[in-house]
Amino acid sequence: MRPLAGSLMDIRFQPAKMIDEAVRAAARGVEGFGEDFDPQVRPADPRFGDFQANGVLPHAKRARANPRALGSALVEALEARAALPGDVVTFELAGPGFINFRLSPAYMDAWLARFGSETSFREAAGALRGGERVVVDFSSPNTAKEMHVGHIRSTVIGEAVSRILEFCGAEVTRDNHLGDWGTQFGMIIWAIKRERFDLDAPGADPVAELERLYKLGNAAYKESAENADAIRAELVKLQRGDEENLRIWQRISEVSLAAFQRVYDLLGVRFDEVLGESYYRDKVEAVWRELEAEGIAEASEGALVVFHPEHPRFKKQPFIIRKADGASNYATTDLATVADRVKRLAPDEILYIVDARQSDHFEQLYLTVEKWFRKTGRKLPRLRHLSFGTVLGEDGRPIKTKEGGSVKLKDLLREATVRARGVVDEKAPDLPEDERAAIAEYVGIGAVQYADLAQNRSSDYVFSWERVLSLEGNTAPYLLYAVARIHSIFRKAGEDPAGAFTDASPLETERELALARKLIGLPSALEQTLADYRPHSLCGYLYELAGEFSGFYNAEKVIVDDAAVRARRLRLCARTLAVLETGLHLLGLRTLSRM
RNA sequence: GGGGGUGUAGCUCAGCAGGAUAGAGCAGCGGUCUUCUAAACCGCAGGUCGUGGGUUCGAGUCCCGCCGCCCCUGCCA
């Protein structure tokens, strides 16, 4: 005999799944439902319950049946099966044919007892994406240049998506696909040699020096044909493997990476692989050879291109994989990259966290890879371009400095910290200096990360310091404050959030139940976030949870004399803390115990 | 010209494969600190969901037309 789908002895991390399975099983025995019936179990408006099944309505429509009649037959079958006993969840037919489900307070207590820490959440969530291998391609700055605001969304979203995937059981490879083999190197190398610039003593701000040298070379290139020839010659020497130029190039990469790493450390970003375009330089020949041999690529206007005759647009718009001058471009390296990743890592999915302007490029890349891999018998992973919009200034134009240049990421993060410091000094002047500095960094940088993540990634967003660092609304400071307040409660109570709270009496008040309901919504929030890789879903959930907590905190005294009430409220606090901290960590933020 | 994105409250945004009375925050107005952090909470007010059709029991969500803004459209990435 199969164990019951739900019982207080066997608490599932995802109550929605428990309900879904029970409804499907019940439907199999009811006239009018087929195997294809999808109950469409969703989190519900609290007015109606914890979950609702909407599937009866569209099913009745297809079957030209009365939805109420179908619905009540299904509800009866559900009652008869006892897979969802009344001490676990109650349900009823409502409205035109919805089925509303309400988890019992006893079930909520049991859930809170069973799942209580980042570790237990991680274990349970591991089923969501267990066994999948995913490559996440993100950040990808160009060496010899500063990281600027243009890199922030890719970096922050990529890290958050990676963390969430890992948390849900996937085996993730984070790859920083650096732009480290471009034409800029001819200019820089030329300028470095001319200045006899010492790359081993590059000064306080090495990347700024590199940018200066690049500009010098760039100006010289335009200045005279003689310079231009010399600069091109340096690039050719590098690409042919000239030892000195390769050594300079290598040093430039090291200096750049060290600077990137400082930004990554602030943002909590790490990579498993840093394979820039240079890594693929001996792999592009094979791409050209294979695509030509398979008849996928053709010569056109001197270049090697791929057309897709079956596609309305790409039958005319070429995917250029070799320039007329014989050089590779990013299409070439992206093709080589997919082949290399498939060979080494055999991923099920590759995610490209790249801005929306490059969607044509990725569409063409996928079409090409599909044909190429099919013909050559390679395993085709799912390829997904997770596009995102532009960061705009308050004038609605892409964000720039007053001078019109691009805003450097390290300057942005520094300004965030400085601004946050001002608030900390005002709000918490009694804390020691070093702690105020730490709070300012966590809050300031977290605020910038969060502002980016809380926004639906597909739209542009307007960056405003006032809103980012606001202490109200869906912001990092608000969430971090909620976390700090909960820590404070435990300090005051002299208890440990990791405690067992065995004395806890059953949840009772409306506020308690509402908060518990929201806590149990974590799995649904993770699922929804993963469904389309949109971290703002998780942000929205955390914000609602923090709001629910604030309401609870304001209405119900936690530290009370009655030991049982105190224990159950402390347990709610501990669980809220665990979910908030888990969620914020998944987004890449660092949390605080005081602020 | 073709394609993609976007248009929801004064502002910034949510609204999950169509589902129950469209939600937040800011700004505005009014309340709440002798009690666990007031960086908080509670309340009031604010909407022809760009626009015109269509599909159906039901449309902010799907389809078609139109309008505004952003972006892409052969050798940058």
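Here the structure is a predicted model, which is why all the values come from computation and not from measurement. Below, chain A is the first sequence line, B the second, and so on; all start at residue 1.
- The C1' atoms of B/C63 and B/G28 are separated by 41 Å, rounded to the nearest whole Å.
- Nucleotides B/U51 and B/C67 are separated by 15 Å at their P atoms, to the nearest Å.
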Are any protein N/O atoms closer than 3.5 Å to N/O atoms in nucleotides 67-72 of chain B? If there are, list each pair with its distance.
residue: B/C72; atom: O2'; partner: A/Asp360; partner atom: OD2; Å: 3.2

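- Comparing the same atom, P, in B/U21 and in B/G60 gives a spacing of 11 Å after rounding to whole Å.
- Rounded to the nearest Å, the gap between the P atom of B/G47 and that of B/U35 is 40 Å.
- A salt bridge links A/Arg421 and A/Asp425; the closest N-O separation between the charged side-chain nitrogens and carboxylate oxygens is under 4.0 Å.
- For the C1' atoms, the distance from B/G18 to B/C57 is 12 Å, rounded to whole Å.
- Put simply, OH on A/Tyr442 is 19 Å from C1' on B/A39, counting in whole angstrom units.
- Two rings, from A/Tyr543 and A/Tyr478, have their centers less than 6.0 Å apart.
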### Message
So if I define the base as every atom that isn't primed, P, OP1 or OP2, how would nucleotides 17-28 of chain B read as a B/S/- string at a heavy-atom cutoff under 4.0 Å?
### Response
BBBB---SSS--
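- Between A/Arg457 and A/Asp452, no side-chain nitrogen of the basic residue sits less than 4.0 Å from a carboxylate oxygen of the acidic one, so the salt-bridge criterion is not met.
- The CG atom of A/Asn456 sits 11 Å away from the P atom of B/C16 (whole-angstrom rounding).
- Both A/His487 and A/Glu301 sit near RNA chain B, but only A/His487 has its closest nucleotide nearer the 5' end.
- Taking for each of A/Tyr330 and A/Gly551 the nucleotide of RNA chain B with the nearest heavy atom, the 5'-most of the two is the partner of A/Gly551.
- Taking the six-membered ring where tryptophan is involved, the planes of A/Tyr366 and A/Tyr352 are tilted, since the angle between them lies from 30° to 60°.
- The residues A/Asp395 and A/Arg397 are annotated as not salt-bridged, no charged nitrogen and carboxylate oxygen being separated by less than 4.0 angstrom.
- Not a single donor-acceptor contact under 3.5 angstrom links the side-chain atoms of A/Tyr481 to the base of B/A39.
- Look at CZ on A/Phe307: it is 8 Å from C1' on B/G74, rounded to the nearest Å.
- Residues A/Lys408 and A/Glu146 are paired through a salt bridge, judged by an N-O separation under 4.0 Å between the basic side chain and the carboxylate.
- Of the listed nucleotides (B/U37, B/A39, B/U35), B/U35 has the atom at the smallest distance from the side chain of A/Lys557.
- When the nucleotides B/A40, B/G15, B/A39 are ranked by their closest atom to the side chain of A/His536, B/G15 comes out on top.
- Environment of CD in A/Glu435: crowded, with over 12 heavy atoms of neighbouring residues, nucleotides or ligands closer than 6.0 Å.
- Atom CG of A/Asp36 has more than 12 heavy atoms from other residues, nucleotides or ligands within 6.0 Å.
- Distance from the side chain of A/Arg485 is smallest to B/U37 among B/C36, B/U6, B/U37.
- In this structure, A/Arg313 places its CZ atom where more than 12 heavy-atom neighbours from other residues, nucleotides or ligands lie under 6.0 Å away.
- Residue-to-nucleotide contacts include no donor-acceptor pair under 3.5 Å from the side chain of A/Ser387 to the base of B/G4.
- The residues A/Lys145 and A/Glu211 are annotated as not salt-bridged, no charged nitrogen and carboxylate oxygen being separated by less than 4.0 angstrom.
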